[in-house]
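This report refers to the structure that appears directly beneath it.
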Amino acid sequence: MDTNMSFLGDGGGKMWLKWWEKIRGFGIHQHYYQYIGSKKVKRAMWKKLFVAWLVGWTMLSLCIFCCMSFQATEKRRETLASMCDERARMLQDQFNVSMNHIQALSILISTFHHAKSPSAIDQRTFARYTERTAFERPLTSGVAYAVRVLHSEREQFEKQQGWTIKRMDTVEEKQVHKDDYDPEKLEPSHIQEEYAPVIFAQDTLSHVISVDTLSGKEDRENVVRARESGKGVLTAPFRLLKTNRLGVILTFAVYSRDLPSNATPNERIQATNGYLGGVFDVESLVEKLLQQLASKQTVIVNVYDITNHTHHIPMYSSNVLGDTFYHVSTLNFGDPFRKHEMYCRFKQKPPWPWLSITTSIGILVIALLVGHIFYATVNRIAKVEDDCREMRELKKRAEAADVAKSQFLATVSHEIRTPMNGVLGMLHMLMDTDLDVTQQEFVRTAQVSGKALMSLINEVLDQAKIEAGKLELEAVLFDLRAILDDVLSLFSEKSQEKGVELGVYVSDQVPELLIGDPGRFRQIITNLMGNSIKFTDKGHVFVTVHLVEEVVYSTKVDKESTSENTLSGFPVADSRRSWEGFKAFSQEGPLGSFSSSSNDLISLIISVEDTGEGIPLEAQPRIFTPFMKVGPSISRKHGGTGIGLSISKYLVRLMNGEIGFVSKPKVGSTFTFITVFANGLPSSNECKTQQIINQPHLASSEFEGMTAMIIDHRPVRAKVSRYHIQRLGIHVEMVSDFNQGLSALTNENMVINMVLIEQEVWDKDSGMSSHFVNNIGKIVHVIPPKMFILVNSSSSSRAMTVTSGVHNPAVITKPLRASMLAASLQHAMGVRNKGTPRNGDLPSLSLRHLFRGRRILIVDDNSVNRMVAAATLKKYGAEVVCVSSGKEAISSLKPPHQFDACFMDIQMPEMDGFEATRTIRDMELSTNNEVSVDDFDNVSNWHVPIVAMTADVIQATQEECLKCGMDGYVSKPFEVEQLYREVSWVFQSS
């Protein structure tokens, strides 16, 4: 169809398409049910239909053949017209250029010959000048100047020139050729009123000097018209002297003074001094033009002078026979009296219209094939419709299966997390009792195992939700630095056991508060850091966070890492290769779709760098495949489900980012990903300040104005230490060795309150360490600073041994976190906390404030969960009442009641939480509409806050909770931050 449309053109193609649609749609679809379906068509009818089909398509193919042949002929004519007009325009333009230069030469003669006495021009000067400027007149064979001489001036003129004025008509009558031409043999000019002998001529026309141009018929007419009109005039084509080739002469009159444009012919004749003529060899001119176009072999060109309508004079012609049709283009050489035209035709005759022939035959063949397969086509339509009905049925089954899968996920999530909630809750309650050291270790081990199982369950459920397309993100205000501190705390014990350096650095350009999904961000970081800790036995694991713009524009961030500027001194994989393929760094940008140029969107690039085993090259292409294991031996050694990275990749995509990695076996791996968050400015109206997750309160006033000095020879490690210390409001100075430290301490303009020394620097030279401590004691003009040693757990015992007896510097165990660092400094320096709670205690203190004195109803059919929930809320000061069903909840919450809030389980027998909530809301609405304010102690609007309490973590369940009238949602087991966020929001709204 597409080929036929292109053959027929736009208009014909559209008509063909509409006609074919009618045949295909009406003839096949409609008549199928009328005739085929009912089996009323007989064999004879089929033959008649086929013959009619054949005849119709035969006529159509003939019409197509004629149409395409006509279009090809018209296209050939248009091509010829375009080529002919192009040649005519070029010839005319080149002629006009030469004509303008001849006119300029006439002005030059008037100025330097007639206007000066004596004349500044002679024959030699004129010949040399015209020869050197011949390139400006590429179409002329030469130029000559004839002066006007009256009969009374003839004798004196001939004596002055030294030759006699010759006749031109003698040459025209005898047709003198090149070899026979001799100016000395020409006869003197007859007596007449005036003469126009040539006095100056280009070397190519030097043979016409002394010839009277008024004695020739063509030249006389040309000269008279030129001086009367004041314009350039052309002669009729004639045979040039000596060359015997066709040419024309362009003549300009030279006047003795400037004449107005409306001067009369007599005024012009009286002011005439002479005549400048340029000879044009038309045949050579056209030949050069055709050679320039390099198409002489395809187009035949003839040029005619058509001034005489009855007798056209050929100026350039070819005897080659060509195509029958031709095109005529008008030529305008500036002389309105002379008319010229160019005739063009193709040299080759038109080829056979093979395209039209093959197209028409092809269409006829296709029509025959269509008629032949018509019966199979209509039967195929019936089969396709049956298949469509079957596919619709299968689609309904698939949708039902998807709904069943979602319900299964919700049920499995609830059934698995419910007993785990009881286990973890009871373990948490057990930790609050009096236990000895061994018992506490047993409980901690059980808690770690339970949390590991919950993590495994969550990963499997996340993978299932990803496959079902049910995973969604929330948007709340959170502090990224506090989340990273929590993740550091999660892995600190493991890293200390293995002796692996663990560090985090967040750029100062990253805003304090962001809007996004902190839980999913924490999940990505936890997955990546967990893998790094798992596969790293020495060296470090280092997390960095920057703005995308910093990585693009900052050479400091983009600088390649070496063993001298890494966290632990071990070599690492080049981090640039982990993100060099990101769209953010493509040439479409500079930042592409990840640009943070807007104040509302923040694009972060986070890298997790380790010095572990690395990923084998053969396993790297499938690293993000779900349930992928690097190898059986590694799987047995380290364990894991193999779905953490696939889930992380999906979450990164949900955050409008992308993830990549680079890994070198036996060196380490670096995973880098980009995420896009909203800027969480305090003035944002989208999120309320009480919804902030992990908002820090670290810049305590007791540290304001203090200065700390870090002694560490590794710049990256020192930068990490400075990052954490500066978060407490402490000014930091960094030096690389003890000598620089002593110089800074003796500076009277700087008061240093504390010195933090890296364990590696302390152990490197014990003598230098003692010398440094002793010199600090000799400083009398300032209070000696407090000393701290930054150590890993694996070397802390050795550090205490080394420092014993030397002023006993305090030990701070890494990894550094702002809250831990603040507590250590407060304890060592004797600084009291002036009432600002630590970050980890803030939610607990706020929950005690929220729940103290409030009466809470807990609705859950599981006795263990009721016990855990009651104990948790009682710990925060609430008065708790428990019921086991939705019906009991309705009875308890029937107005009037004394409950401030209700925590309700969703999945319960007989009546679930959704139905119970809807009933309670209807009951409250009825009460508010029917009962007066005085009946219920001035309570005008009954609305008890109901918070869903379930082990189901499916997003659709959370949406259903809000739809049925619940005010919030908390998952089991309780998380302090989530409980604080939901309850504070619910209580404020109510």
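Numbers here simply count residues along the sequence, with the first being 1.
- How far CZ of R722 is from CG of D712: 12.0 Å, rounded to the nearest 0.5 Å.
- Each of V572, T672, V541 was scored for a side-chain contact (heavy atoms from CB on, under 4.5 Å) with E609, with one residue passing: V572.
- Around atom CG of D508, no more than 12 heavy atoms belonging to other residues, nucleotides or ligands sit under 6.0 Å away.
- Looking only at side-chain heavy atoms (C-beta outward), I524 and M655 come within less than 4.5 Å of each other.
- The minimum heavy-atom distance linking T536 with K498 is given by the pair O-NZ, 2.8 Å.
- L435 contributes atom CG, which lies 7.0 Å from atom CE of M431 (distance to the nearest 0.5 angstrom).
- In terms of modelled atom types and a separation under 3.5 Å, the side chain of Q496 and the main chain of E493 share no donor-acceptor contact.
- R576 is not listed as a side-chain neighbour of V662, based on a closest heavy-atom distance of 4.5 Å or more.
- Annotation for F478 and I515: closest pair CE2-C, 4.0 Å, computed over non-hydrogen atoms.
- In terms of heavy-atom proximity, Q523 sits nearest to R520 at OE1-NH1, 2.6 Å.
- Put simply, the side chain of R727 does not reach to within 4.5 Å of the side chain of F703, judged on heavy atoms.
- Shortest non-hydrogen contact noted between A573 and V667 is N-CG1, 4.0 Å.
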D517 and V476: side-chain contact (heavy atoms from CB on, under 4.5 Å), yes or no, with the steps?
CA-CA 6 Å; D517 193 327; V476 296; over 6 Å; no
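- Within a 6.0 Å radius of NZ in K875, more than 12 heavy atoms belonging to other residues, nucleotides or ligands are found.
- Among residues two or more places apart in sequence or in another chain, the side chain to side chain contact (heavy atoms under 4.5 Å, CB included) test is passed with V545 by L480, L484, V506, V510, L604, I606.
- Side-chain contact check for V543 versus M529: some heavy-atom pair is nearer than 4.5 Å.
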List the steps, then state whether side-chain contact (heavy atoms from CB on, under 4.5 Å) holds for T675 with F677.
CA-CA 7 Å; T675 58; F677 295 112; 3.1 Å; yes
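- In this structure, L790 CG and E501 CD are separated by 9.0 Å, a value rounded to the nearest 0.5 Å.
- Taken from CD1 in I757 to CD1 in I812, the straight-line distance is 11.0 Å, to the nearest 0.5 Å.
- Under the 3.5 Å distance criterion, the side-chain polar atoms of T611 are matched with a main-chain donor or acceptor of H540.
- The list of ring pair (Phe, Tyr, Trp, His ring centres under 6.0 Å) pairs with a residue in residues 431-450, not counting sequence neighbours, is empty.
- No cation-pi contact links K538 to F570, judged by a cut-off of 6.0 Å to the six-membered ring centre and 45° from its axis.
- The backbone N or O of D436 sits less than 3.5 Å from a side-chain atom of Q439, completing a donor-acceptor pair.
- A salt bridge does not link K534 with D610: none of the charged nitrogens is closer than 4.0 Å to a carboxylate oxygen.
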Run the numbers on N739 and M768 for side-chain contact (heavy atoms from CB on, under 4.5 Å), then give the verdict.
CA-CA 9 Å; N739 291 329; M768 192 64 194; 2.8 Å; yes
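- Looking at every heavy atom in both residues, R817 comes nearest to S492 through NH1-CB, 4.0 Å.
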Can you list the steps and then say if E658 with K649 is a salt bridge (charged side-chain N to carboxylate O under 4.0 Å, His left out)?
CA-CA 7 Å; E658 51 187 327; K649 182 177 182 180; over 6 Å; no
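- Judged purely by atom type and a 3.5 angstrom limit, D574 has no side-chain atom pairing as donor or acceptor with the backbone of R577.
- A donor-acceptor contact closer than 3.5 angstrom links the side chains of Q740 and S736.
- In terms of modelled atom types and a separation under 3.5 Å, the side chain of S578 and the main chain of S575 share a donor-acceptor contact.
- Side chains of E758 and H713: a donor-acceptor N/O pair is absent below 3.5 angstrom, by distance only.
- Here the side chains of T670 and V608 are not in contact, with every heavy-atom distance at 4.5 Å or above.
- By the 4.5 Å heavy-atom criterion applied to side chains, K666 and E613 are not counted as neighbours.
- In this pair, Y876 and F851 present their aromatic rings parallel. The plane angle is below 30°, not in the 30 to 60° band.
- In this structure, CZ on R444 lies 11.5 Å from CG on L430, to the nearest 0.5 angstrom.
- Between K719 and Y505 the shortest side-chain heavy-atom distance falls below 4.5 Å.
- Between the side chains of E733 and H731, at least one donor N or O lies within less than 3.5 Å of an accepting N or O.
- Ring geometry for F738 versus F772: interplanar angle of 30 to 60°, hence tilted.
- Side chain to side chain, T707 and N753 fail the donor-acceptor criterion of an N or O pair below 3.5 Å.
- Rounding to the nearest 0.5 Å places OG of S669 at 5.5 Å from CZ of F671.
- Looking only at side-chain heavy atoms (C-beta outward), Q726 and I730 stay at 4.5 Å or farther from each other.
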Could you walk me through whether V811 and F788 satisfy the side-chain contact (heavy atoms from CB on, under 4.5 Å) test, starting with their C-alpha distance in whole Å, then the side-chain angles of each, then the deciding distance to 0.1 Å, before giving a yes or no?
CA-CA 6 Å; V811 174; F788 300 89; over 6 Å; no
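- Nearest approach of N527 to G644, heavy atoms of both residues: ND2-O, 3.4 Å.
- In this structure, K786 contributes its side chain and V755 its backbone to no donor-acceptor pair below 3.5 Å.
- Side-chain contact check for D763 and Q759: at least one donor-acceptor pair (N or O, by modelled atom type) lies under 3.5 Å.
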